[in-house]
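Working notes, beginning with the structure itself.
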Amino acid sequence: MILLPWPKQVLEGIGNFRLDFDAVIAMDLSCPMEARVYAQMLAEEIAKCAGVEIMLVRGSARKGDIRLCVDAAYSESSYRLSIGEEGVTVCGGSLISLGYGVQTLRQLFRQYAGLLPVLQIEDEPDFKTRGFFHDITRGRVQTLPNLKKMVDTMVFYKLNHLQLYIEHTYLFRGITELWRDETPLSAQEIMELDDYCFARGIELVPCLASFGHLYKLLGTRTYAELCELENSVGQEFSFWDRMGHHTLNAADKRSMELITCMIGEFMSLFRSNKFNICADETFDLGTGRSREAANEKGRDVLYVEFVSGLFDFLIKNGRTPMFWGDIICQSPELLKRFPKEVICLAWGYSENQEDTEVRILHEAGTRQYVCPGTRGWNHFVNQMQESYQNIVRMCAYGRKYGALGVLNTDWGDYGHIGIPDFSIPGMIYGAVFSWGEGFDFDALNHMISVLEYGDASGEFMDCLAKVSGCEIFGWAGAVQFKEWSQKGKDTQGLLSLCADKECFEKIKERIAALSEKIFFASRSMELEKRPLAAYAVFCLRMISVWNVVGECLLVPKDMQERMALAGQLEQCLYHYKEYWRKNSKEGDLAKISDVFFWYADLLRQGGR
């Protein structure tokens, strides 16, 4: 039996419940009318997995039926699932926890079809908030249907909090310079997604860069004067510079006026009473236009004063402020200046992550979420094992230091080149360890293979977890080599990260063997999931081509080989763009393409 997350208590009995064709899903009168969403999910799962078109009714259940009910005797987050030979009952302490019980039942139907084992489950989560944070700014802006698909996956694994990271990919009224060459989400799309999330028990929380990471906003002619550093207009695009600079001048009162205006417009689209202002990585603070104020007050005080102004604005408008804790943890004594309502987001993405920031915030008495990561940024396929190790650590720190919740992050550095599907395993790791008891890496991957990918062999995730380990000259290295070369910087240090020729040959053999193993695993997968296996093999092909590009930079090849390699890059890009457009708007696809083109042209020129 596979259940993700694993319930607190599972008591298995003797016998089975057999689903008959005249059974119904009976929504007890204790259920609010909104429970129909969960009943419909269950009906669709049963039709797919057991082949039975089951009806929904409202009222009392009969022998052989599936009964849904709400009982205030249970806690708000707890549920009970009882499967007997004569019927099934899912009872939650609230509409939301009823939904949790329905997801458990869906997972059982997915494995046992119309013949379920007799059992009883009592369950509730460790953390009240279990979230997923997805970057829709730095490269990939998913289409609304695909965002809804992501929400459906979150629901299935009992997550209840979603944030979409935005810098410039919302269509702000009156700030057309910000998004004129982008493919932003509209107010209508966000409100529709908010409705969709709300109906399924997920809180969609607005998230907007409000201090640092304002590359597009502070690169406009209208607002360039508010940038900490001068000459922010007309700079040639750089993936690195987009992340490294473009902090607001906190000493200019117009900065506060602009950001509160943007926040006011944006927050009105959401039901949530929370708002994440981000305010992380303000690298340039106090180094340019605000230098005088920073010298007088101190950079840390200047930071605190600006974010406190945003906090006050949000609180006055009935919102709970959230922000990233990397800057304030450098001056924890200033945390006492913040309102008690504030929630600090303690992030850390290393597989060997220490508890330093989480402990600092705990000792200061600050409310916090712990924030691990899916480790997909800068990779065609996520670093699964590193993500697993990071999530296990951060969830443990959250329990130790009394965190309110877990917010698992999926960033998009350098163009968000990985497809959203490959962040699903990391999402599931976060769901499992924020709910309760977990499993070791191999066991959990086997379970995910079976439950998420319908892989009877249980091997697909083991293969997928090995893909990123085949990178030698990876995407981050390729981007940095290009941008450093264009700026006349020394790139030899980057090339030294590449291995010797013998290592390149071994990786080629590993890629070939892994590609074949993925195809073998796909034979055991559900038909609708097999394209994902094919894309994983395609990612291995791209990784192989980029490795050869790195090898060519180290050990020059003859012109015929270089010409062929340039063609391979362009062929890979053609197929990559086709995959991109299946689930995302154009976003930064042209900027990603420029990296491929630059290397193809370099190879044809015959030099470095």
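Side chains are part of it too, since the values below use all heavy atoms of this structure and drop only hydrogens, waters and symmetry mates.
Between the Ser457 side chain and the Ser524 main chain, no donor and acceptor come within less than 3.5 Å of each other. Between the side chain of Ser94 and the backbone N or O of Ser97 there is at least one donor-acceptor pair closer than 3.5 Å. Between the Asp326 side chain and the Trp347 main chain, no donor and acceptor come within less than 3.5 Å of each other. Although no hydrogens or angles enter the test, the distance criterion places no donor-acceptor pair under 3.5 Å between the side chain of Asp588 and the main chain of Gly415. Panel note: side chain Gln103, backbone Gly99; a donor-acceptor pair is recorded below 3.5 Å. Of the possible polar contacts, one joining the Asn408 side chain to the Gly426 backbone as a donor-acceptor pair under 3.5 Å is found. In this structure a side-chain-to-backbone donor-acceptor pair under 3.5 Å is missing from Ser522 to Arg530. Asn160 contributes a side-chain N or O that, together with a main-chain N or O of Arg130, makes up a donor-acceptor pair within less than 3.5 Å. Side-chain atoms of Asp65 do not come within 3.5 Å of backbone N or O of Arg67 as any donor-acceptor pair. Side-chain atoms of Asp413 never come within 3.5 Å of backbone atoms of Asn378 as a donor-acceptor pair (strictly under, hydrogens ignored).
A cation-pi arrangement is found for Arg110 relative to Phe156, the charged atom lying closer than 6.0 Å to the ring centre and inside a 45° cone about the ring normal. Taking the centre and axis of the six-membered ring of Tyr401, the NZ or CZ atom of Arg399 falls outside the cone set by 45° and 6.0 Å. Cation-pi geometry between Lys582 and Tyr579 is satisfied (NZ or CZ under 6.0 Å from the ring centre, within 45° of the ring normal).
A salt bridge links Lys529 with Glu452: the closest approach of a Lys/Arg side-chain nitrogen to an acidic carboxylate oxygen falls below 4.0 angstrom. Comment: Asp421 engages Lys149 in a salt bridge, judged by a side-chain N to carboxylate O separation of less than 4.0 angstrom. With respect to the salt-bridge test (charged N to carboxylate O, under 4.0 angstrom), the residues Asp135 and Arg138 qualify. Here Glu505 pairs with Lys508 in a salt bridge; the nearest charged N to carboxylate O distance falls below 4.0 Å. Glu437 has no carboxylate O lying under 4.0 Å from a charged side-chain N of Lys8, or vice versa, which leaves the two without a salt bridge. A salt bridge links Glu189 with Lys585: at least one charged nitrogen is closer than 4.0 Å to a carboxylate oxygen. Ion pairing between Lys48 and Glu528 holds under the 4.0 Å rule for side-chain N and carboxylate O. Of the charged side-chain nitrogens involved, none lies within less than 4.0 Å of a carboxylate oxygen, so that Arg80 and Asp123 do not count as a salt-bridged pair. Salt bridge present: Lys148 and Glu192 bring a charged side-chain N and a carboxylate O closer than 4.0 Å.
Across every non-hydrogen atom of Gly469 and Arg510, the tightest pair is O-NH1, 3.1 Å. When all heavy atoms of Pro117 and Asn16 are compared, the closest pair comes out as CA-OD1, 3.7 Å. Nearest approach of Ile472 to Asn547, heavy atoms of both residues: N-OD1, 2.8 Å. Residue Met542 comes nearest to Phe596 through the heavy atom pair SD-CZ, 4.5 Å, listed as atom of the first residue, atom of the second, then distance. A pairwise comparison of heavy atoms in Ala521 and Asp455 identifies O-OD1, 3.6 Å as the closest pair. Here the shortest heavy-atom pairing between Ile419 and Tyr535 reads CD1-CD2, 3.3 Å.
Annotation: Ile14, atom CD1; neighbour count of heavy atoms from other residues, nucleotides and ligands within 6.0 Å does not exceed 12. In this structure, Glu76 places its CD atom where only 12 or fewer heavy-atom neighbours from other residues, nucleotides or ligands lie under 6.0 Å away. Shown here is Arg271, whose CZ atom has more than 12 heavy atoms of other residues, nucleotides or ligands within 6.0 Å. Counted within 6.0 Å of CZ on Arg367, heavy atoms from surrounding residues, nucleotides or ligands total more than 12; the atom is thus considered enclosed. Within a 6.0 Å sphere centred on CD of Glu516, other residues, nucleotides and ligands contribute 12 heavy atoms or fewer.
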*Going through the checks in order, is the salt bridge (charged side-chain N to carboxylate O under 4.0 Å, His left out) test met by Arg375 and Glu351?*
CA-CA 10 Å; Arg375 293 286 292 264; Glu351 59 270 35; 2.9 Å; yes
*Chi angles and distances behind the ring pair (Phe, Tyr, Trp, His ring centres under 6.0 Å) call for Tyr369, Trp324*: CA-CA 10 Å; Tyr369 291 176; Trp324 299 109; 9.9 Å; no
*List the steps, then state whether side-chain hydrogen bond (donor to acceptor under 3.5 Å, both in side chains) holds for His134 with Gln163.*
CA-CA 6 Å; His134 180 64; Gln163 294 189 30; over 6 Å; no
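Atom SG of residue Cys69 and atom CG of residue Leu98 lie 7.5 Å apart, to the nearest 0.5 angstrom. One distance of note links CE of Met447 with CD of Gln111; it measures 9.5 Å at 0.5 Å rounding. The structure places CG of Asp410 at 10.0 Å from CZ of Arg140, a figure rounded to the nearest 0.5 Å. The CG atom of Leu81 lies 16.0 Å from the OH atom of Tyr100; values are rounded to the nearest 0.5 Å. With rounding to the nearest 0.5 Å, the separation of OG1 in Thr374 from NE2 in His379 is 10.0 Å. Note that CZ of Arg359 and NZ of Lys400 are 8.5 Å apart. Values are rounded to the nearest 0.5 Å.
Under the 30°/60° scheme for interplanar angles, the aromatic rings of Tyr349 and Trp377 are found to stand perpendicular. Below 30°, between 30° and 60°, or above 60°: for Tyr576 and Phe380 the angle between ring planes is above 60°, a perpendicular geometry. By the 30° and 60° cut-offs, the orientation of the rings of Trp411 relative to Phe133 is tilted. Taking the six-membered ring where tryptophan is involved, the planes of Phe239 and Tyr414 are tilted, since the angle between them lies from 30° to 60°. Between Tyr388 and Tyr429, the angle of the ring planes goes over 60°, which puts this pair in the perpendicular group of the 30/60° scheme. In this pair, Tyr79 and Trp435 present their aromatic rings tilted. The plane angle is within the 30 to 60° band.
Taking the side chain as every heavy atom from C-beta outward, Ile66 and Val24 never approach each other to under 4.5 Å. Side-chain contact between Glu203 and Lys274: present, with at least one pair of heavy atoms (C-beta onward) separated by less than 4.5 Å. Between Leu589 and Arg581, some side-chain heavy-atom pair lies under the 4.5 Å cut-off. Here the side chains of Val406 and Tyr397 are not in contact, with every heavy-atom distance at 4.5 Å or above. Side-chain atoms of Asn276 and Leu345, non-hydrogen and from C-beta on, do get closer than 4.5 Å to each other. Looking at heavy atoms from C-beta onward, Asn445 lies out of side-chain contact with Pro425 at the 4.5 angstrom threshold. The side-chain heavy atoms of Pro206 and Ser272, taken from C-beta on, include a pair separated by under 4.5 Å. The shortest side-chain heavy-atom distance between Val10 and Glu12 falls under the 4.5 Å cut-off.
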